[in-house]
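Letters A, B, ... are given to chains in the order of the sequence lines, protein chains preceding strands, and every chain is numbered from 1.
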2 protein chains.
Amino acid sequence: MEWVELRRHERKESNPDLGILSGRLLLSLQQEVYETLATQGHEKFRPKHGAVLAYLDVEGSRATDLAQRSGQHKQVIGTLVDELIELGYVRREPDPDDRRAKLIVPTELGLDQMNRSDALFVRMEERLADALGQRAYGDFKSALREVVRLRRAESD
Amino acid sequence: MEWVELRRHERKESNPDLGILSGRLLLSLQQEVYETLATQGHEKFRPKHGAVLAYLDVEGSRATDLAQRSGQHKQVIGTLVDELIELGYVRREPDPDDRRAKLIVPTELGLDQMNRSDALFVRMEERLADALGQRAYGDFKSALREVVRLRRAESD
(Lines give C-alpha, C1' and ligand atoms only; values in the text may rest on other atoms or scores of the structure.)
Protein backbone atom coordinates (compact mmCIF):
# COMPACT_ATOMS: atom_id res chain seq x y z
CA MET A 1 0.00 0.00 0.00
CA GLU A 2 1.29 3.40 -0.88
CA TRP A 3 0.91 6.28 1.55
CA VAL A 4 -0.08 9.53 -0.13
CA GLU A 5 -0.29 12.67 1.97
CA LEU A 6 -3.47 14.59 1.23
CA ARG A 7 -3.37 18.28 0.50
CA ARG A 8 -5.29 20.55 2.88
CA HIS A 9 -8.22 21.01 0.49
CA GLU A 10 -8.36 17.23 -0.04
CA ARG A 11 -8.47 16.60 3.72
CA LYS A 12 -11.26 19.18 3.99
CA GLU A 13 -13.11 17.62 1.06
CA SER A 14 -12.99 14.15 2.60
CA ASN A 15 -13.82 15.46 6.08
CA PRO A 16 -15.45 18.91 5.75
CA ASP A 17 -15.78 20.99 8.91
CA LEU A 18 -19.00 22.57 10.14
CA GLY A 19 -18.10 25.93 8.61
CA ILE A 20 -17.69 24.45 5.13
CA LEU A 21 -20.90 22.41 5.40
CA SER A 22 -23.07 25.24 6.75
CA GLY A 23 -21.61 27.62 4.15
CA ARG A 24 -22.30 25.22 1.27
CA LEU A 25 -25.83 24.60 2.46
CA LEU A 26 -26.63 28.30 2.86
CA LEU A 27 -25.10 29.16 -0.52
CA SER A 28 -27.01 26.43 -2.36
CA LEU A 29 -30.34 27.51 -0.79
CA GLN A 30 -29.69 31.18 -1.55
CA GLN A 31 -28.71 30.39 -5.13
CA GLU A 32 -31.87 28.42 -5.82
CA VAL A 33 -34.03 31.23 -4.38
CA TYR A 34 -32.05 33.81 -6.32
CA GLU A 35 -32.17 31.94 -9.65
CA THR A 36 -35.85 31.04 -9.32
CA LEU A 37 -36.97 34.55 -8.32
CA ALA A 38 -34.90 36.06 -11.12
CA THR A 39 -37.30 34.35 -13.56
CA GLN A 40 -40.32 35.70 -11.65
CA GLY A 41 -39.81 39.46 -11.76
CA HIS A 42 -37.05 39.77 -9.17
CA GLU A 43 -33.93 39.96 -11.34
CA LYS A 44 -32.46 42.83 -9.30
CA PHE A 45 -32.83 41.12 -5.95
CA ARG A 46 -29.51 39.83 -4.57
CA PRO A 47 -28.92 37.04 -1.99
CA LYS A 48 -27.47 39.59 0.49
CA HIS A 49 -30.86 41.37 0.58
CA GLY A 50 -32.27 38.25 2.25
CA ALA A 51 -30.82 39.52 5.56
CA VAL A 52 -33.60 42.14 5.50
CA LEU A 53 -36.50 40.52 3.59
CA ALA A 54 -36.24 37.14 5.35
CA TYR A 55 -36.89 38.82 8.72
CA LEU A 56 -39.26 41.60 7.71
CA ASP A 57 -42.83 41.63 9.03
CA VAL A 58 -45.71 42.31 6.65
CA GLU A 59 -46.65 45.21 8.98
CA GLY A 60 -43.07 46.54 8.88
CA SER A 61 -40.13 46.18 11.29
CA ARG A 62 -37.55 48.45 12.89
CA ALA A 63 -33.97 48.30 11.61
CA THR A 64 -32.68 47.42 15.11
CA ASP A 65 -35.00 44.40 15.21
CA LEU A 66 -33.87 43.31 11.73
CA ALA A 67 -30.25 43.57 12.87
CA GLN A 68 -30.95 41.52 15.97
CA ARG A 69 -32.92 38.83 14.09
CA SER A 70 -30.41 38.44 11.27
CA GLY A 71 -27.28 38.78 13.43
CA GLN A 72 -25.97 41.52 11.10
CA HIS A 73 -24.67 44.89 12.25
CA LYS A 74 -27.19 47.75 12.18
CA GLN A 75 -24.94 49.55 9.68
CA VAL A 76 -25.08 46.59 7.26
CA ILE A 77 -28.88 46.49 7.58
CA GLY A 78 -29.04 50.25 6.90
CA THR A 79 -27.08 49.85 3.66
CA LEU A 80 -29.24 46.92 2.52
CA VAL A 81 -32.43 48.88 3.33
CA ASP A 82 -31.16 51.82 1.25
CA GLU A 83 -30.56 49.44 -1.67
CA LEU A 84 -33.98 47.82 -1.22
CA ILE A 85 -35.69 51.25 -1.21
CA GLU A 86 -33.85 52.06 -4.44
CA LEU A 87 -35.00 48.73 -5.94
CA GLY A 88 -38.61 49.33 -4.85
CA TYR A 89 -38.87 46.53 -2.26
CA VAL A 90 -39.39 48.56 0.94
CA ARG A 91 -40.00 52.11 2.15
CA ARG A 92 -39.25 53.89 5.41
CA GLU A 93 -42.34 55.13 7.30
CA PRO A 94 -42.82 56.75 10.71
CA ASP A 95 -43.53 54.11 13.38
CA PRO A 96 -47.11 54.70 14.64
CA ASP A 97 -46.01 53.42 18.09
CA ASP A 98 -43.08 55.84 18.39
CA ARG A 99 -43.02 58.99 16.30
CA ARG A 100 -39.23 59.34 16.56
CA ALA A 101 -38.69 55.83 15.17
CA LYS A 102 -38.94 54.55 11.59
CA LEU A 103 -40.43 51.32 10.31
CA ILE A 104 -39.14 49.46 7.25
CA VAL A 105 -42.33 48.46 5.41
CA PRO A 106 -42.48 46.10 2.41
CA THR A 107 -44.04 47.36 -0.85
CA GLU A 108 -46.17 45.11 -3.08
CA LEU A 109 -42.95 44.00 -4.80
CA GLY A 110 -41.38 43.26 -1.39
CA LEU A 111 -44.42 41.25 -0.27
CA ASP A 112 -44.28 39.27 -3.51
CA GLN A 113 -40.62 38.41 -2.89
CA MET A 114 -41.34 37.45 0.74
CA ASN A 115 -44.24 35.15 -0.20
CA ARG A 116 -42.38 33.51 -3.07
CA SER A 117 -39.22 33.00 -1.05
CA ASP A 118 -41.09 31.58 1.98
CA ALA A 119 -42.89 29.13 -0.35
CA LEU A 120 -39.61 28.16 -2.03
CA PHE A 121 -38.00 27.31 1.32
CA VAL A 122 -40.97 25.08 2.16
CA ARG A 123 -40.62 23.28 -1.19
CA MET A 124 -36.82 22.90 -0.90
CA GLU A 125 -37.27 21.34 2.55
CA GLU A 126 -40.06 19.06 1.29
CA ARG A 127 -37.74 17.75 -1.42
CA LEU A 128 -35.01 17.04 1.17
CA ALA A 129 -37.52 15.31 3.46
CA ASP A 130 -38.70 13.15 0.53
CA ALA A 131 -35.13 12.18 -0.30
CA LEU A 132 -33.96 11.52 3.27
CA GLY A 133 -37.26 10.25 4.70
CA GLN A 134 -39.57 12.43 6.81
CA ARG A 135 -38.31 11.05 10.09
CA ALA A 136 -34.60 11.35 9.27
CA TYR A 137 -35.17 14.89 8.01
CA GLY A 138 -37.10 15.80 11.18
CA ASP A 139 -34.28 14.39 13.34
CA PHE A 140 -31.71 16.33 11.32
CA LYS A 141 -33.59 19.60 11.65
CA SER A 142 -34.09 19.15 15.40
CA ALA A 143 -30.36 18.50 15.80
CA LEU A 144 -29.50 21.56 13.70
CA ARG A 145 -31.81 23.73 15.85
CA GLU A 146 -30.13 22.36 18.96
CA VAL A 147 -26.64 23.07 17.54
CA VAL A 148 -27.68 26.66 16.75
CA ARG A 149 -29.16 27.01 20.26
CA LEU A 150 -25.97 25.66 21.88
CA ARG A 151 -23.80 28.07 19.87
CA ARG A 152 -26.03 30.98 20.98
CA ALA A 153 -26.05 29.85 24.61
CA GLU A 154 -22.23 29.70 24.58
CA SER A 155 -21.83 33.21 23.21
CA ASP A 156 -24.29 34.80 25.70
CA MET B 1 -58.21 30.24 24.95
CA GLU B 2 -57.36 33.29 22.94
CA TRP B 3 -56.14 32.99 19.37
CA VAL B 4 -53.29 35.31 18.56
CA GLU B 5 -51.98 35.43 15.02
CA LEU B 6 -48.21 35.35 14.98
CA ARG B 7 -46.24 37.88 12.96
CA ARG B 8 -44.03 36.53 10.20
CA HIS B 9 -40.82 36.90 12.22
CA GLU B 10 -42.50 35.16 15.18
CA ARG B 11 -43.57 32.23 12.99
CA LYS B 12 -40.01 32.02 11.68
CA GLU B 13 -38.62 32.22 15.21
CA SER B 14 -40.81 29.36 16.43
CA ASN B 15 -40.23 27.31 13.28
CA PRO B 16 -37.06 28.55 11.55
CA ASP B 17 -36.43 27.36 8.00
CA LEU B 18 -33.21 25.77 6.77
CA GLY B 19 -31.92 29.09 5.39
CA ILE B 20 -32.24 30.82 8.75
CA LEU B 21 -30.65 27.91 10.63
CA SER B 22 -27.70 27.43 8.26
CA GLY B 23 -27.14 31.21 8.18
CA ARG B 24 -27.14 31.50 11.97
CA LEU B 25 -24.77 28.57 12.32
CA LEU B 26 -22.32 29.90 9.73
CA LEU B 27 -22.42 33.41 11.19
CA SER B 28 -21.80 32.20 14.75
CA LEU B 29 -18.83 30.04 13.66
CA GLN B 30 -17.34 32.86 11.57
CA GLN B 31 -17.76 35.34 14.40
CA GLU B 32 -15.96 33.14 16.92
CA VAL B 33 -13.06 32.59 14.50
CA TYR B 34 -12.97 36.30 13.68
CA GLU B 35 -13.09 37.47 17.31
CA THR B 36 -10.56 34.90 18.51
CA LEU B 37 -8.07 35.54 15.69
CA ALA B 38 -8.40 39.31 16.18
CA THR B 39 -6.73 38.81 19.60
CA GLN B 40 -3.94 36.70 17.99
CA GLY B 41 -2.44 39.09 15.44
CA HIS B 42 -5.17 38.88 12.78
CA GLU B 43 -7.18 42.03 13.49
CA LYS B 44 -7.41 42.94 9.79
CA PHE B 45 -8.71 39.57 8.67
CA ARG B 46 -12.45 39.63 7.84
CA PRO B 47 -14.91 36.69 7.75
CA LYS B 48 -15.39 37.12 3.97
CA HIS B 49 -11.68 36.30 3.45
CA GLY B 50 -12.44 32.80 4.71
CA ALA B 51 -13.76 31.97 1.20
CA VAL B 52 -10.09 32.02 0.10
CA LEU B 53 -8.06 30.96 3.16
CA ALA B 54 -10.40 28.10 4.14
CA TYR B 55 -9.74 26.40 0.78
CA LEU B 56 -6.14 27.38 0.15
CA ASP B 57 -3.45 24.70 0.00
CA VAL B 58 -0.16 25.19 1.85
CA GLU B 59 1.57 24.72 -1.54
CA GLY B 60 -0.74 27.30 -3.16
CA SER B 61 -3.89 26.99 -5.27
CA ARG B 62 -5.25 28.43 -8.49
CA ALA B 63 -8.02 31.03 -8.29
CA THR B 64 -10.32 28.85 -10.44
CA ASP B 65 -9.94 25.98 -7.96
CA LEU B 66 -10.66 28.31 -5.01
CA ALA B 67 -13.81 29.53 -6.81
CA GLN B 68 -14.96 25.97 -7.46
CA ARG B 69 -14.25 24.79 -3.88
CA SER B 70 -15.91 27.77 -2.18
CA GLY B 71 -18.81 28.07 -4.64
CA GLN B 72 -18.02 31.77 -5.14
CA HIS B 73 -17.65 33.47 -8.51
CA LYS B 74 -14.09 33.79 -9.80
CA GLN B 75 -14.50 37.57 -9.77
CA VAL B 76 -15.34 37.55 -6.04
CA ILE B 77 -12.29 35.36 -5.36
CA GLY B 78 -10.11 37.75 -7.38
CA THR B 79 -11.22 40.72 -5.26
CA LEU B 80 -10.65 38.81 -2.01
CA VAL B 81 -7.19 37.70 -3.20
CA ASP B 82 -6.28 41.33 -3.99
CA GLU B 83 -7.33 42.32 -0.45
CA LEU B 84 -5.41 39.40 1.07
CA ILE B 85 -2.26 40.38 -0.87
CA GLU B 86 -2.64 43.94 0.46
CA LEU B 87 -3.05 42.56 4.02
CA GLY B 88 0.02 40.31 3.62
CA TYR B 89 -1.76 36.94 3.75
CA VAL B 90 -1.01 35.62 0.26
CA ARG B 91 1.04 36.40 -2.85
CA ARG B 92 0.60 35.54 -6.53
CA GLU B 93 3.36 33.36 -7.98
CA PRO B 94 3.85 31.67 -11.37
CA ASP B 95 2.49 28.11 -11.32
CA PRO B 96 5.51 25.75 -11.80
CA ASP B 97 3.15 23.30 -13.61
CA ASP B 98 1.90 25.89 -16.12
CA ARG B 99 3.92 29.01 -16.77
CA ARG B 100 0.89 30.95 -18.05
CA ALA B 101 -1.05 30.29 -14.83
CA LYS B 102 -0.71 31.88 -11.38
CA LEU B 103 -0.81 30.26 -7.98
CA ILE B 104 -2.17 31.97 -4.86
CA VAL B 105 0.40 31.06 -2.18
CA PRO B 106 -0.01 31.73 1.57
CA THR B 107 2.66 33.82 3.36
CA GLU B 108 3.79 33.04 6.93
CA LEU B 109 0.92 35.23 8.16
CA GLY B 110 -1.52 33.33 5.92
CA LEU B 111 -0.24 29.95 7.15
CA ASP B 112 -0.64 31.14 10.74
CA GLN B 113 -4.27 32.11 10.07
CA MET B 114 -4.96 28.79 8.32
CA ASN B 115 -3.50 26.72 11.17
CA ARG B 116 -5.25 28.71 13.90
CA SER B 117 -8.58 28.68 12.12
CA ASP B 118 -8.42 24.93 11.36
CA ALA B 119 -7.64 24.26 15.05
CA LEU B 120 -10.51 26.54 16.15
CA PHE B 121 -13.01 24.64 14.00
CA VAL B 122 -11.85 21.37 15.58
CA ARG B 123 -12.32 22.84 19.07
CA MET B 124 -15.74 24.35 18.28
CA GLU B 125 -16.93 20.97 16.99
CA GLU B 126 -15.47 19.17 20.04
CA ARG B 127 -17.48 21.47 22.33
CA LEU B 128 -20.68 20.73 20.36
CA ALA B 129 -19.97 16.98 20.47
CA ASP B 130 -19.41 17.19 24.25
CA ALA B 131 -22.71 19.04 24.71
CA LEU B 132 -24.81 16.85 22.37
CA GLY B 133 -23.02 13.55 22.95
CA GLN B 134 -20.46 12.13 20.50
CA ARG B 135 -22.95 9.82 18.86
CA ALA B 136 -25.70 12.41 18.40
CA TYR B 137 -23.14 14.87 17.03
CA GLY B 138 -21.78 12.25 14.62
CA ASP B 139 -25.32 11.48 13.41
CA PHE B 140 -26.04 15.18 12.97
CA LYS B 141 -22.88 15.75 10.96
CA SER B 142 -23.53 12.74 8.71
CA ALA B 143 -27.06 14.01 8.05
CA LEU B 144 -25.74 17.51 7.27
CA ARG B 145 -23.21 16.05 4.80
CA GLU B 146 -26.00 14.08 3.16
CA VAL B 147 -28.21 17.19 2.91
CA VAL B 148 -25.36 19.12 1.28
CA ARG B 149 -24.73 16.19 -1.10
CA LEU B 150 -28.44 16.00 -2.04
CA ARG B 151 -28.56 19.75 -2.74
CA ARG B 152 -25.50 19.44 -4.99
CA ALA B 153 -26.85 16.38 -6.79
CA GLU B 154 -30.11 18.26 -7.51
CA SER B 155 -28.36 21.27 -8.98
CA ASP B 156 -26.06 19.20 -11.24
Part of B:E35 lying under 4.5 Å from any heavy atom of chain A: neither
Chain A contacts, top residue of B:G50, B:A136, B:G19 (heavy-atom pairs, under 4.5 Å): B:G19
Salt bridge flag under 4.0 Å for residues A:K141 and A:E125: yes
Is the closest basic N to carboxylate O distance between B:E93 and B:K102 below 4.0 Å? no
Ion pair check, A:R123 and A:E126, cut-off under 4.0 Å: no
Quick one: what part of B:S70 sits under 4.5 Å from any heavy atom of chain A, side chain, backbone, both or neither? backbone
N-O pairing of A:R92 and A:D82 below 4.0 Å: yes
For chain A, find which of B:D57, B:I20, B:L25, B:L150 contributes the most heavy-atom pairs closer than 4.5 angstrom. B:D57
So for A:V147, is it side chain, backbone, both, or neither that comes closer than 4.5 Å to the heavy atoms of chain B? both
Counting only non-hydrogen atoms closer than 4.5 Å, does A:Q30 touch chain B with its backbone (N, CA, C, O), its side chain (CB onward), both, or neither? neither
Apply side-chain contact (heavy atoms from CB on, under 4.5 Å) to B:Q40 and B:D112, showing your working. CA-CA 10 Å; B:Q40 301 177 341; B:D112 185 72; 5.9 Å; no
A:T36 backbone acceptor or donor facing A:T39 side chain under 3.5 Å: yes
Begin with the C-alpha distance, continue with both residues' side-chain angles, and end with the deciding distance and a verdict on side-chain contact (heavy atoms from CB on, under 4.5 Å) for B:L144 and A:L144. CA-CA 8 Å; B:L144 177 57; A:L144 178 56; 5.7 Å; no
Any side-chain donor paired with an acceptor under 3.5 Å for A:Y55 and A:Q68? no
Honestly, the part of B:E59 sitting under 4.5 Å from a heavy atom of chain A is side chain
Region of B:D139 that comes under 4.5 Å of a non-hydrogen atom in chain A: neither
The interface call for A:L27 against chain B, heavy-atom contacts under 4.5 Å, is side chain
Pick from A:V33, A:D118, A:V58 with the largest number of heavy-atom pairs that fall under 4.5 Å of chain B: A:D118
Using non-hydrogen atoms only, which part of A:D65 is less than 4.5 Å away from chain B: side chain, backbone, both, or neither? neither
Comparing B:Q72, B:Q31, B:R69 against chain A, the one with the most heavy-atom pairs below 4.5 Å turns out to be B:R69
Which bit of A:F121 is near chain B, if near means a heavy-atom gap under 4.5 Å: side chain, backbone, both or neither? side chain
Any idea which of B:M114, B:R11, B:E13, B:E10 has the most non-hydrogen atom pairs under 4.5 angstrom with chain A? B:M114
Name the option with the most non-hydrogen atom pairs under 4.5 Å to chain A; the candidates are B:A143, B:G23, B:P16. B:P16
Take B:Y89 and B:E83 through the side-chain hydrogen bond (donor to acceptor under 3.5 Å, both in side chains) test and state the conclusion after the steps. CA-CA 9 Å; B:Y89 281 85; B:E83 291 179 18; over 6 Å; no
Could you look at A:S61 and say if it's the side chain, the backbone, both or neither that has a heavy atom under 4.5 Å from chain B? neither
Give a yes-or-no answer on whether the side chains of A:H42 and A:Y34 include a donor-acceptor pair shorter than 3.5 Å. no
